[in-house]
Amino acid sequence: MSLETHVNSKLVDSLPLFELESHIQNYTGRNAIDRLLFIADRCAPLAKDALTLAIGSLKQTADVNRYEDAVERLHEIAPHDPRATIDTVWVDEVSKATRSTGDKLELELKSYKNNLIKESIRMGNSELGDFYFSIGDLSSASKFYSRQREYCTTHKHIEDMSMDMIRVAVYQQNWSQVETAMSRIDALPSKNSDIEPYLKAVRGLWSLAQSNFALAASTFLNVPVESLTHFAPKSRQKVTYTITEFVTVNDVAVIIGLCSLASYSRNALKDLLDNNANFKEILESEAHIRTLLDSFVLFDYKSIFSTLEKHKTDYMLDIWLADHVEKMFDRIRENCYIQYVRGYKRGYLDKMAARFGVSQDDVEKDLIALIESDKIPVRLDLENKYFLFKSADERADVYDHVMSIANTFERNGRLLLVNIGVLRGGLEINAKPESSGFELKKKALM
């Protein structure tokens, strides 16, 4: 699903906890506009305010098409609002200027092609890609960026082209193109180390898009907190690639928190909270995520579900999380059930329902679903309302352990006998550094 596509399949009726104007100040450029239009699509109570802010931001760009679209949508909601009328003077001026710039760049590229200057042709395609990106035409931008490939003569050229492709593809949410471009960079024998945090963040978004929550969490955990709060060095003259172009440190804290709750065990999460200094710094930006993770470690499942429900609207209005919230919540609930039943040989459903803050019937349905999908090894007694955790066969475990020790002892004994036989036979073993193995040499017989 492209960020340019207006999707109304997951509307929310309640207001989020954040105040829209202060929230959107965390973002800049196209990212801020995309988020405002996304919120306008998903949240009817905020639609008017979001469109108003988006229209103001769009008039600071050359994206005439999205400006006109936003004004038309505002007119449908508030026809009497003065901003619900298209500023034709501005539209004409910007359209004329962009048309002139585009024609000039096209003529320059044509001239470069006639002169067969490869580097100039590459730069001409790059400049046209930048131009179309600036006016919001991502499809044309992607087309011209990709045309650089046959004119790339150095590893740096391939890296720059791939970074351009990644940037556009992330905004389009064209994840197959993102994967292809990242693979192209990975295949380079050398690359600019300054872009590593950016690529890790993009890989995190790619993993999230595939609903691979464990990989998304581990990938974002490797993104240094400094790269989320400071601008990265420029990759090339005109374009600065920064993680904050897509996500802020707050967004990363939420993504890691929810993804780890959905996929990590209690011990893994506890180790993460205790020993990962980078994550501790990231968590400082979102106190409620720290509360969620602490609740999971402390088996306070009722608190987890109440906190998640409280912030659900915020998550549903995040451009990266929205399509995964329901699946995430289901995975988190499953993970909580799994961690709970592992702590008991026998557990009673009424106490479990009280711990989770749900009805006993809901607990029964959820446990049955988990048992049928082989996610938890328990037997459920619906008549007496308890479950039994199927622990591993301890006798079989002991037997396997003893047999493993015996096999190791037998192998070591055989090796010892071989060694004795070698010595008795007058052979010596010489290891050569350049050789992959050993050579046996017969000693001279006296």
Could you tell me whether a side-chain N or O of N276 sits under 3.5 Å from a main-chain N or O of N278, the two making a donor and an acceptor? yes
How about Y171 and D34: does a side-chain donor come under 3.5 Å of a side-chain acceptor? no
Are D300 and R355 close enough for a salt bridge, meaning some N to O gap below 4.0 Å? no
Regarding E334 and R331, does a basic nitrogen lie under 4.0 Å from an acidic carboxylate oxygen? no
Contact summary for M328 and F213, nearest pair of heavy atoms: CG-CZ, 3.6 Å
Residues N174 and S176: side-chain donor-acceptor under 3.5 angstrom: yes
Between D381 and K385, is the closest basic N to carboxylate O distance under 4.0 Å? no
Between S22 and E19, is any side-chain donor less than 3.5 angstrom from a side-chain acceptor? yes
Rounded distance [0.5 Å steps], CD1 in I158 versus CD1 in I185: 10.0 Å
Before giving the answer on side chain to side chain contact (heavy atoms under 4.5 Å, CB included), spell out for D63 and R30 the whole-Å C-alpha distance, their side-chain angles and the decisive distance to 0.1 Å. CA-CA 10 Å; D63 195 342; R30 186 180 184 89; 4.0 Å; yes
Could you tell me whether the side chain of D314 and the main chain of P16 form a donor-acceptor pair under 3.5 Å? no
Go through it in stages, so that I can follow the logic: the residues are E286 and N250, the test is side-chain hydrogen bond (donor to acceptor under 3.5 Å, both in side chains), and I'd like the CA-CA distance, side-chain angles, deciding distance and then a yes or no. CA-CA 6 Å; E286 286 291 339; N250 302 70; 3.3 Å; yes
Any luck finding a side-chain donor-acceptor pair between H311 and T307 under 3.5 Å? no
Given the rule in the salt bridge (Lys or Arg N to Asp or Glu O under 4.0 Å) test, do E179 and R184 qualify, once you have shown the distances and angles that lead to the verdict? CA-CA 9 Å; E179 186 177 14; R184 193 181 297 120; over 6 Å; no
L283 CG to S285 OG distance, which is reported to the nearest 0.5 Å: 7.0 Å
Give me the atom names and distance for the closest heavy-atom approach of I319 to Q173. O-NE2, 4.0 Å
Modelled atom types, side-chain donor and acceptor of N31 and E245, under 3.5 Å: no
Electrostatic pair E410-R414, nearest N-O below 4.0 angstrom: yes
Indicate yes or no for a side-chain donor-acceptor contact from S359 to the backbone of D362 under 3.5 Å, with no hydrogens or angles considered. yes
Is the CG atom of D13 crowded by more than 12 outside heavy atoms at less than 6.0 Å? no
Worked check of side chain to side chain contact (heavy atoms under 4.5 Å, CB included) between I371 and I368: CA-CA 5 Å; I371 292 169; I368 290 171; 5.5 Å; no
Hey, does the side chain of D318 reach the backbone of L321 with a donor-acceptor pair shorter than 3.5 angstrom? yes
Provide the closest heavy-atom pair for N192 versus E159 in the form atom of the first, atom of the second, distance. N-OE1, 3.0 Å
Could you label the plane-to-plane angle of the Y132 and F144 rings as parallel, tilted or perpendicular, counting under 30° as parallel and over 60° as perpendicular? parallel
Do R342's NZ or CZ and the ring of F389 fall within the cation-pi criteria of under 6.0 Å and 45°? no
Ignoring hydrogens and geometry beyond distance, is a side-chain donor-acceptor pair present between Y264 and D271 at under 3.5 Å? no
Spacing of CE belonging to M123 relative to CG belonging to L128, to within rounding of 0.5 Å: 11.0 Å
Sub-3.5 Å donor-acceptor pair from the side chain of S142 to the main-chain atoms of S139, do we have one? no
Taking only residues two or more places apart in sequence or in another chain, which ones pass ring pair (Phe, Tyr, Trp, His ring centres under 6.0 Å) with F329? none
Side-chain donor or acceptor of S227 paired with backbone N/O of V223 under 3.5 Å: no
Got a sec, which pairs hit salt bridge (Lys or Arg N to Asp or Glu O under 4.0 Å) with one end in residues 198-210, sequence neighbours left out? D186-R203
Regarding D130 and Y145, do their side chains bring together a donor and an acceptor under 3.5 Å, going by distance alone? yes
Residue K310 excluded, over 12 heavy atoms near NZ under 6.0 Å: no
Backbone N or O of F133 within a donor-acceptor pair of the D137 side chain at under 3.5 Å? no
E21 and H23: side-chain donor and acceptor closer than 3.5 Å? no
Do D251 and T248 get their side chains close enough for a donor-acceptor pair, meaning under 3.5 Å? yes
What pairs with K327 under salt bridge (charged side-chain N to carboxylate O under 4.0 Å, His left out), at least two apart in sequence or on another chain? none
Strictly distance-based, threshold 3.5 Å: is any side-chain N or O of W206 a donor or acceptor partner for the main-chain N or O of V170? no
If you measure from the Lys or Arg side-chain nitrogens to the Asp or Glu carboxylate oxygens, is any gap between D69 and R73 under 4.0 Å? yes
Contact summary for S260 and N335, nearest pair of heavy atoms: O-ND2, 4.4 Å
R42 and D323: CA distance, side-chain angles, deciding distance, salt bridge (Lys or Arg N to Asp or Glu O under 4.0 Å) verdict: CA-CA 11 Å; R42 298 293 180 99; D323 292 336; 3.4 Å; yes
Any donor-acceptor pair under 3.5 Å linking the side chain of R122 with the backbone of Y151? no
Of all heavy-atom pairs linking C259 and A216, the shortest is SG-CB, 4.0 Å
List the atom of K302, the atom of G357, and the distance in Å for their closest heavy-atom pair. CE-CA, 3.8 Å
Give me the ring orientation class for Y340 and F356: parallel if the planes are under 30° apart, tilted from 30 to 60°, perpendicular past 60°. perpendicular
Say you draw a straight line from CD1 of I256 to OG of S218; how long is it, rounded to the nearest 0.5 Å? 9.5 Å
How far does OH of Y112 sit from CD1 of I117, to the nearest 0.5 angstrom? 8.0 Å
